[in-house]
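Everything on this sheet refers to the single structure shown next.
Residue indices begin at 1 and follow the sequence shown. Here the structure is a predicted model, which is why all the values come from computation and not from measurement.
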Amino acid sequence: MADGRQGPMIDLHSHTILSDGDLIVSELARRAEVTGYRVLGISDHADASNIDFLVPRIVKAAQALNRFGKLRIIAGVELTHCPLGEIAELVKEARKLGAQLVLMHGETLSEPVIPGTDEAAIEAGVDIVAHPGLISEKAARLAAKRGVLLEISGRRGHCLANGHVAKTARLVGAKVLFGSDTHEPENLHSKSDAERVLRGAGLDDAEVAEAWKNAEALVEKVLGKSLRDRSNG
């Protein structure tokens with residue numbers, strides 16, 4: 001059975017007071033570390049109005065925190081409610097500003113996201129489509145082809161389509177991962193709680209283990225090195 005011993009706790013979707021979260025970066029990092037996290041992605045909400053302000057500050061905070069301790073902070077951003085024609089430009093700008101990961105606020109059932117956002121984001125080369133809602137087979141196939149990960153969400157409201165995301169990903173061979181979408185301290189998930197979310201979406205034990213491997217592979221791609229030699233599980 002999949003459990004926390006199979007690899008580090010990785011969560012690449014969280015928010016701080018730099019957008020709509022409750023905590024500053026350092027406090028969120030500390031709480032994540034105590035919860036058992038090995039890797040935390042900070043991915044505050046951005047569009048054309050704030051991306052130039054936001055990303056450099058996340059990068060600066062991540063660099064400072066990564067000098068100490070075992071917790072690895074990944075500097076990211078979540079493009080949110082952006083016009084479809086602007087997504088590709090914003091992805092490029094985010095990377096130019098130093099974002100290590102680019103997420104897209106997908107077509108969640110709980111918010112009026114512009115239809116077509118999932119596919120446009122995958123076309124633009126994001127790393128993760130967060131809570132992609134009732135993602136189409138076409139978009140999921142494109143994600144599989146381009147190596148874009150689809151999120152199984154731990155957040156209330158955004159989790160409503162988790163079963164659909166898991167089923168569609170399985171059908172077309174797309175890869176999934178867990179994301180807490182943390183905004184408040186209580187949103188942080190232990191690894192066992194995250195695995196309950198993954199199983200609740202319909203993943204079997206092998207698929208749960210694969211979801212962690214997908215997250216780990218993405219982090220190792222970003223860092224350019226393996227996590228295994230430093231992880232305590």
Side-chain angles (χ1 to χ4, degrees), residues 1-14 31-41 43 70-72 74 76 78 101 103-104 106 108-109 118 122 126-135 137 139-141 143-182 186-223 226-233:
M1 180 175 288
D3 62 28
R5 292 173 294 177
Q6 291 188 312
M9 175 58 188
I10 298 172
D11 181 0
L12 300 177
H13 189 176
S14 70
R31 288 178 178 270
E33 185 173 26
V34 170
T35 303
Y37 279 47
R38 176 66 178 82
V39 180
L40 174 67
S43 50
K70 293 183 178 180
L71 179 66
R72 173 64 60 175
I74 303 295
E78 182 183 8
L101 289 176
L103 286 67
M104 187 73 221
T108 173
L109 298 180
D118 291 346
I122 295 165
V126 299
D127 299 294
I128 300 168
V129 180
H131 41 71
L134 299 178
I135 188 169
E137 286 187 25
R141 287 185 190 280
K145 180 179 179 181
R146 300 203 171 184
V148 175
L149 302 185
L150 305 180
E151 181 186 80
I152 302 296
S153 179
R155 187 162 177 80
R156 189 171 73 174
H158 292 331
C159 67
L160 292 174
N162 277 351
H164 172 84
V165 174
K167 179 180 178 181
T168 305
R170 182 185 298 118
L171 180 66
V172 303
K175 295 182 178 181
V176 302
L177 82 169
F178 170 81
S180 71
D181 198 357
T182 286
E186 56 269 25
N187 296 155
L188 292 166
H189 284 58
S190 67
K191 190 159 189 181
S192 60
D193 285 343
E195 291 189 350
R196 284 167 58 88
V197 173
L198 292 168
R199 290 194 179 91
L203 275 63
D204 62 26
D205 288 345
E207 290 170 326
V208 169
E210 189 65 26
W212 293 121
K213 290 178 183 177
N214 295 337
E216 188 169 341
L218 179 55
V219 172
E220 290 179 350
K221 178 182 176 182
V222 168
L223 299 180
S226 173
L227 291 171
R228 291 287 173 169
D229 56 345
R230 296 182 61 190
S231 174
N232 61 9

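For the atom pair CD1 (Ile122) and CG (Leu149), the distance works out to 10.5 Å, reported to the nearest 0.5 Å. Here the CG atom belonging to Leu177 is positioned 8.5 Å from the CG atom belonging to Leu198, to the nearest 0.5 angstrom. From Leu101, atom CG reaches atom CG of Asp127 across 5.0 Å, with rounding to the nearest 0.5 Å. The distance from atom CG of Leu188 to atom CD of Glu33, rounded to the nearest 0.5 Å, is 12.0 Å.
No option in His131, His158, Glu78 other than Glu78 meets the side chain to side chain donor-acceptor pair (under 3.5 Å) test with His13.
In this structure, Met104 and Asp118 have side chains that are not in contact, with every pair of non-hydrogen atoms separated by 4.5 Å or more. Contact of the Ser14 side chain with the Tyr37 side chain is not registered, since no non-hydrogen atoms from C-beta on lie closer than 4.5 Å. Using a 4.5 Å heavy-atom cutoff, the side chains of Leu203 and Val176 are in contact. Between Arg31 and Val34 the shortest side-chain heavy-atom distance does not fall below 4.5 Å.
In terms of modelled atom types and a separation under 3.5 Å, the side chain of Arg72 and the main chain of Arg38 share no donor-acceptor contact. Proximity of a side-chain donor or acceptor of Asp181 to a complementary backbone N or O of Arg155 within less than 3.5 Å is not detected.
When all heavy atoms of Ala144 and Val172 are compared, the closest pair comes out as CB-O, 3.8 Å. The shortest non-hydrogen separation linking Val39 to Leu71 is N-CD1, 3.9 Å. In terms of heavy atoms, Ala174 sits closest to Ala140 at CB-O, 3.7 Å. The two residues Val129 and Gly106 make their nearest non-hydrogen contact at CG1-CA, 4.0 Å. Smallest separation of non-hydrogen atoms from Ser153 and Cys159: O-CB, 3.3 Å. Heavy atoms only, all atoms of each residue included: Leu150 and Ala169 are closest at CD1-CB, 4.4 Å.
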Quick one, Lys191 with Thr35, criterion side chain to side chain contact (heavy atoms under 4.5 Å, CB included). Give me CA distance, side-chain angles, the key distance, then yes/no. CA-CA 9 Å; Lys191 190 159 189 181; Thr35 303; over 6 Å; no
Report the C-alpha separation of Ile128 and Leu218 in whole Å, then their side-chain angles, then the decisive distance to 0.1 Å, and conclude whether the side chain to side chain contact (heavy atoms under 4.5 Å, CB included) test is met. CA-CA 10 Å; Ile128 300 168; Leu218 179 55; 3.9 Å; yes
Apply side chain to side chain contact (heavy atoms under 4.5 Å, CB included) to the pair Val165 and Glu151, showing each step before the final yes or no. CA-CA 8 Å; Val165 174; Glu151 181 186 80; over 6 Å; no
Would you please test Val219 and Leu12 for side chain to side chain contact (heavy atoms under 4.5 Å, CB included) and show each step? CA-CA 9 Å; Val219 172; Leu12 300 177; 3.9 Å; yes
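The side-chain hydrogen bond (donor to acceptor under 3.5 Å, both in side chains) search around Asp193 returns Ser190, not counting sequence neighbours. Checked against salt bridge (Lys or Arg N to Asp or Glu O under 4.0 Å), Arg141 has the following partners two or more places apart in sequence or in another chain: Glu137. Every ring pair (Phe, Tyr, Trp, His ring centres under 6.0 Å) that His189 has, sequence neighbours left out, goes to Phe178.
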